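Structure, as structure tokens:
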Amino acid sequence: CTGCCQCRWECDCVVVGANRGNSDELCDPGPGASYTFQVGPINVHTHGPPSAASAAVVVATADAAQPDGGAPAPGRPGAAQAVANADGSVTVSWSAPTEGTVTSYVILATREGQPRRAISIRLPTEPTTHTIA
């Protein structure tokens with residue numbers, strides 16, 4: 001898995017969409033697979049709780065191919081919203097938490113009946129939207 005294993009969330013992924021070689025991945029995709037998305041805040045010291053889950057989306061997929069204890073965890077981001085785009089990509093958006101310091105975010109995905117997995121590298125704090133292509 002490219003990039004997302006640097007986070008504490010498990011990762012067992014394959015690339016989706018047309019942009020092979022990027023670091024955005026969904027785990028164990030299958031035809032008609034349903035996913036929900038969350039966003040996890042990260043600072044240089046620890047991970048905060050993930051946002052509430054987005055509504056489920058069905059994603060078209062391509063062929064398969066620590067905390068150091070310094071600062072308190074950031075607050076929970078606003079609820080993630082996910083939109084399945086016609087080209088097979090998914091756009092996830094969220095609002096920043098009102099508490100704590102966030103230095104990056106990671107996008108989490110849960111396929112129906114599967115464990116939650118990180119599917120992105122650490123994302124910057126702005127913008128609070130990301131397209132998984």
Side-chain angles (χ1 to χ4, degrees):
C1 179
T2 307
C4 62
C5 295
Q6 64 184 309
C7 306
R8 71 174 174 165
W9 295 287
E10 290 184 40
C11 192
D12 179 18
C13 310
V14 295
V15 176
V16 301
N19 295 330
R20 294 195 173 276
N22 73 11
S23 58
D24 299 328
E25 303 166 337
L26 290 175
C27 305
D28 304 322
S34 175
Y35 288 88
T36 59
F37 293 87
Q38 295 174 282
V39 177
I42 303 168
N43 65 30
V44 296
H45 300 290
T46 190
H47 301 266
S51 68
S54 70
V57 294
V58 175
V59 181
T61 60
D63 294 334
Q66 286 358 28
D68 64 15
R76 184 181 303 271
Q81 297 179 1
V83 175
N85 303 310
D87 63 0
S89 66
V90 174
T91 301
V92 180
S93 60
W94 63 95
S95 59
T98 57
E99 300 173 350
T101 301
V102 176
T103 58
S104 59
Y105 293 99
V106 63
I107 302 218
L108 311 170
T110 306
R111 182 177 175 188
E112 187 176 23
Q114 300 293 318
R116 179 176 64 201
R117 306 261 190 217
I119 61 162
S120 73
I121 60 170
R122 290 182 180 207
L123 302 170
T125 58
E126 292 290 330
T128 54
T129 187
H130 185 72
T131 298
I132 301 151

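The chain is numbered in sequence order, starting from 1. Since the structure is predicted, the reported quantities are computational estimates derived from the model, not experimental observations.
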To check you understand the geometry: which heavy-atom pair defines the closest contact between [X] and [Y], and what is its length?
X      : Y      : result
Gly75  : Pro41  : O-CG, 3.4 Å
Thr125 : Ser104 : CG2-N, 3.9 Å
Pro74  : Pro49  : O-CD, 3.3 Å
Ala79  : Ser51  : CA-CB, 4.3 Å

Ala53: side-chain contact (heavy atoms from CB on, under 4.5 Å) partners, not counting sequence neighbours: Thr36, Gln38
With sequence neighbours excluded, residues passing side-chain contact (heavy atoms from CB on, under 4.5 Å) with Ser95: none
ring-ring contact (aromatic ring centres under 6.0 Å, His included) contacts in which one or both residues fall within residues 109-128, not counting sequence neighbours: none
Sequence neighbours excluded, every pair satisfying ring-ring contact (aromatic ring centres under 6.0 Å, His included) that has a member inside residues 100-123: Trp94-Tyr105
Within-4.5 Å side-chain heavy-atom neighbours: Ser120 and Ile132: no
By side-chain hydrogen bond (donor to acceptor under 3.5 Å, both in side chains) - contacts of Thr91 (at least two apart): Asn85, Thr131
Positive for side-chain contact (heavy atoms from CB on, under 4.5 Å) with Ser93, one of Val39, Val83, Thr128, Thr129: Thr129
Worked check of side-chain contact (heavy atoms from CB on, under 4.5 Å) between Val106 and Leu108: CA-CA 6 Å; Val106 63; Leu108 311 170; 4.1 Å; yes
Rounded distance (nearest 0.5 Å) linking atom CD1 of Ile107 with atom NE2 of His130: 5.5 Å
Arg111 (side chain) donor-acceptor with Tyr35 (main chain) under 3.5 angstrom: no
